[in-house]
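The block underneath contains the structure these notes are about, expressed in structure tokens.
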Amino acid sequence: MAQAVYLQTYGCQMNERDSEEILGMLGAQGYVVVDREDEADVILLNTCSVRAHAEERAFGKMGLMQKLKRERPSLVLGILGCMAKAQREDIFRRLPQVDLVAGPAEIYDLPDLLAGVAERRQQQQLGAGARVLAIDRKVRPLDRRPATDYRAGQVAAFVTIMEGCDKKCAYCIVPTTRGQEVSRPVDEILDEVQQLARAGYRQVTLLGQNVNSYGKRFPDGSGWVGPARRRQLLHLSAHPGEANARSGPPDGPRLADFPALLRAIDGKTSIDRVRFTTSHPFDAHEELFQAMAECRTVCEFLHLPVQSGSDHLLRAMRRGYTAEHYLGQITRLRELVPDVALSTDIIVGFPGETEADFEATCDLMERVRYDSAFVFKYSPRPGTEAAGWADDVPQPVKEHRNQAILALQERISREKLEATVGDDVEVLVEERNRRGQLTGKSRGNTTVVFDGADTLIGEMVGVRVARVTGTTMIGELAAGAAR
Ligand code: SAM
Ligand code: SF4
């Protein structure tokens with residue numbers, strides 16, 4: 001009989017996409033996906049390690065699942081993703097019933113790893129979990145991507161364009177858990193996007209920890225940093241016209257960067273909308289802004305995490321830019337893409353953050369006037385550089401700063417949204433919400449809600465904004481739009 005699998009995802013959009021790949025792979029092996037833990041033969045948690053809180057939630061959930069396993073010893077429990085890599089065998093000590101711990105670089109091995117769990121269980125009567133540990137790979141073998149796939153939505157899809165992160169932000173565990181950067185080849189991404197477009201998807205979101213360094217290293221070693229770089233650069237200087245995304249001698253090394261990838265998707269596929277995340281300010285250049293301005297499909301939206309408005313903290317965080325440089329980038333972007341919507345990530349309570357540092361962050365936020373912001377209280381992560389520094393901002397101060405920034409952003413978001421009342425916005429309709437209204441996103445990534453027929457799901461329509469709530473535009477179909 002088919003095995004039933006339940007998978008819960010924590011953390012970022014990259015994890016959501018990894019979970020889709022996992023379900024696609026297991027589906028092809030005959031597993032049936034269920035949405036209730038008590039109906040599952042295999043329970044997997046795809047986890048996040050960015051903050052201690054994310055890990056504690058997964059530990060808590062798996063603790064509950066161990067109780068299920070005591071009633072039903074045949075149940076298989078697995079912890080996948082970043083927490084697996086960060087906590088390694090310690091997971092078996094805290095959660096003795098867990099059978100499998102597998103890192104982000106091992107997800108393509110999952111069918112084999114689950115077979116290994118079954119084998120171990122057959123060989124011996126286990127009082128505890130099977131304790132299969134797979135965390136040693138440094139880089140995910142992108143060339144072993146499974147052919148089968150699964151997507152949660154039907155209108156908008158995630159497309160992972162690269163894995164890992166080569167930055168060394170002092171607070172961040174991601175380079176440890178996800179390993180070295182490696183990019184998927186351009187042609188493979190173009191094929192995936194075109195297949196999605198043919199299947200009826202209207203939007204793709206390109207995913208990577210730092211999409212702006214796309215193309216640095218491909219699985220075959222080529223890229224703008226790699227053993228073949230020099231040869232390729234020499235070839236390109238002899239044939240300058242080939243300096244685009246599909247350039248390079250056949251089967252030879254390639255040279256492509258993120259703006260070139262955006263242009264290739266815009267010019268060579270029939271997808272209607274392209275988004276991307278995350279951009280690191282250090283690698284976000286004029287060429288990116290030019291590509292955003294020139295590619296019709298690329299939405300006028302940029303998530304550009306600043307983390308802090310204080311140069312002294314940005315230096316300590318090893319971010320590689322100053323507040324001034326960042327503000328200059330925003331000015332240039334707005335010159336090229338005047339209607340661009342902006343969002344950011346802010347960390348409050350980083351070691352050494354003074355009241356003046358905090359005020360510098362508030363000041364930067366007032367100057368940029370983001371459309372939205374994610375605010376995080378600093379959480380020391382073992383193994384990172386900053387974990388060795390005193391976590392010296394007291395918890396109540398972190399909490400206060402967190403609330404103050406949220407309130408500041410709420411005011412700015414509201415003011416910006418209120419200014420859109422009466423405007424017509426282009427909406428990609430995604431689904432019907434719980435109240436029975438249609439909902440979708442504007443090009444600037446704001447949720448738009450309005451009344452209309454089911455036939456509009458998956459369509460691009462014009463909506464006139466009638467009023468706004470905290471983060472949502474409420475409107476009606478603009479004259480001329482299909483009903
Ligand atoms: N790669 C992206 C970048 O650099 O902008 C972000 C990826 S990270 C998973 C998402 C966000 O989590 C970061 O931008 C940062 O604000 C936050 N974050 C990462 N480590 C953190 C930590 N130790 N404590 C609090 N927030 C953290
Ligand atoms: Fe973490 Fe910095 Fe890499 Fe983003 S760029 S994933 S914050 S190390």
Side-chain angles (χ1 to χ4, degrees), residues 13-14 17 153 155-162 183-198 200-215 243-246 256-281 283-305 329-344 368 370-372 420 423-430 440-448 458-462:
Q13 292 165 321
M14 297 206 65
R17 176 66 194 131
V155 178
F158 292 133
V159 174
T160 301
I161 61 164
M162 58 195 289
S183 300
R184 288 178 65 201
V186 174
D187 292 358
E188 203 181 297
I189 295 170
L190 291 178
D191 288 346
E192 185 172 332
V193 172
Q194 189 52 24
Q195 271 175 29
L196 287 165
R198 274 203 210 102
Y201 288 87
R202 307 293 301 269
Q203 174 183 295
V204 290
T205 302
L206 310 176
L207 298 178
Q209 291 299 342
N210 176 13
V211 290
N212 298 115
S213 69
Y214 173 81
N244 66 43
R246 279 187 194 252
D257 62 6
F258 187 59
L261 179 69
L262 286 180
R263 288 178 195 282
I265 293 174
D266 185 67
K268 294 176 177 168
T269 76
S270 51
I271 201 78
D272 297 283
R273 273 187 178 185
V274 178
R275 298 187 188 281
F276 54 88
T277 197
T278 299
S279 287
H280 190 299
D283 297 302
H285 296 300
E286 171 88 12
E287 292 75 30
L288 170 70
F289 308 153
Q290 295 274 7
M292 288 177 72
E294 286 163 28
C295 296
R296 185 195 53 81
T297 56
V298 177
C299 289
E300 296 77 15
F301 173 76
L302 184 64
H303 180 61
L304 197 63
Q329 287 177 312
I330 300 289
T331 304
R332 184 64 186 134
L333 171 62
R334 281 182 166 148
E335 281 165 13
L336 290 168
V337 189
D339 295 332
V340 70
L342 289 164
S343 74
T344 198
V368 175
Y370 294 103
D371 294 82
S372 60
T420 64
D423 288 357
D424 287 347
V425 288
E426 180 200 280
V427 179
L428 172 57
V429 189
E430 291 188 27
K441 294 274 181 166
S442 70
R443 288 180 69 90
N445 211 30
T446 302
T447 302
V448 186
E459 296 297 324
M460 213 75 75
V461 297

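Hydrogens, waters and symmetry mates play no part in the numbers below; they use all other heavy atoms, side chains included.
Remark: side-chain polar atoms of Gln329 are paired, donor with acceptor, to backbone N or O of Pro281 under 3.5 angstrom. Between the side chain of Asp371 and the main chain of Leu342, a donor-acceptor pair closer than 3.5 Å is present. In this structure a side-chain-to-backbone donor-acceptor pair under 3.5 Å is missing from Asn210 to Ser279. Panel note: side chain Gln194, backbone Ser270; a donor-acceptor pair is recorded below 3.5 Å. Under the 3.5 Å distance criterion, the side-chain polar atoms of Tyr201 are left unmatched by any main-chain donor or acceptor of Val193. Between the side chain of Thr160 and the main chain of Leu207, no donor-acceptor pair closer than 3.5 Å is present. No donor-acceptor pair under 3.5 Å is formed between the side chain of Arg184 and the backbone N or O of Ile161. Checking side-chain atoms of Arg443 against main-chain N and O of Val298 turns up a donor-acceptor pair under 3.5 Å. Distance alone, capped at 3.5 Å, places no donor-acceptor pair between the Thr297 side chain and the Arg273 backbone.
Across all their heavy atoms, Gly458 and Val155 have their closest contact at CA-CG2, 3.9 Å. In terms of heavy atoms, Leu336 sits closest to Ala293 at O-CB, 3.5 Å. Residues Thr344 and Pro305 come closest through the heavy atom pair OG1-CA, 3.4 Å.
Taking OG1 of Thr269 as the start and CD of Glu192 as the end, the distance is 11.5 Å to the nearest 0.5 Å. Note that CZ of Phe289 is 11.5 Å distant from CZ of Arg334, once rounded to the nearest 0.5 Å. Interatomic distance, Ser183 OG to Leu261 CG, rounded to the nearest 0.5 Å: 9.0 Å. The structure places OH of Tyr214 at 9.5 Å from CG of Leu206, a figure rounded to the nearest 0.5 Å. Taking CG of Asp187 as the start and NZ of Lys268 as the end, the distance is 8.0 Å to the nearest 0.5 Å. Note that the CD atom of Glu300 and the CG atom of Leu333 stand 10.5 Å from one another [nearest 0.5 Å].
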Practice problem: Take Gln290 and Arg332, measure what side-chain contact (heavy atoms from CB on, under 4.5 Å) needs, and give me the verdict at the end. | Solution: CA-CA 10 Å; Gln290 295 274 7; Arg332 184 64 186 134; 4.1 Å; yes
Practice problem: Give the C-alpha distance, both sets of side-chain angles, the deciding distance and a yes or no for side-chain contact (heavy atoms from CB on, under 4.5 Å) between Leu190 and Ile265. | Solution: CA-CA 6 Å; Leu190 291 178; Ile265 293 174; 3.7 Å; yes
Quiz item: Please walk me through it: do Thr205 and Val159 pass side-chain contact (heavy atoms from CB on, under 4.5 Å)?
Solution: CA-CA 6 Å; Thr205 302; Val159 174; over 6 Å; no
Practice problem: For the pair Leu288 and Asn212, evaluate side-chain contact (heavy atoms from CB on, under 4.5 Å) and give the outcome as yes or no after the intermediate values. | Solution: CA-CA 8 Å; Leu288 170 70; Asn212 298 115; 3.3 Å; yes
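The side-chain heavy atoms of Asn445 and Arg275, taken from C-beta on, include a pair separated by under 4.5 Å. You'll find the side chain of Val429 reaches within 4.5 Å of the side chain of Val461, heavy atoms only. Side-chain contact between Phe276 and Val204 is absent, with no heavy-atom pair separated by less than 4.5 Å. Annotation: side chain of His280 is not in contact with side chain of Gln209 (no heavy-atom distance under 4.5 Å). In this structure, the side chains of Met14 and Met162 stay at 4.5 Å or more apart for every pair of heavy atoms. The shortest side-chain heavy-atom distance between Leu262 and Val274 falls under the 4.5 Å cut-off.
No hydrogens or angles considered: nothing links the side chains of Asp283 and Ser213 as a donor-acceptor pair under 3.5 Å. For the residue pair Glu426 / Ser442, no side-chain donor-acceptor distance below 3.5 Å is found, with atom types taken as modelled. The closest side-chain donor-acceptor pair between Ser343 and His303 falls under 3.5 angstrom.
With respect to Glu430 and Lys441, no salt bridge is recorded, no charged nitrogen being found less than 4.0 Å from a carboxylate O.
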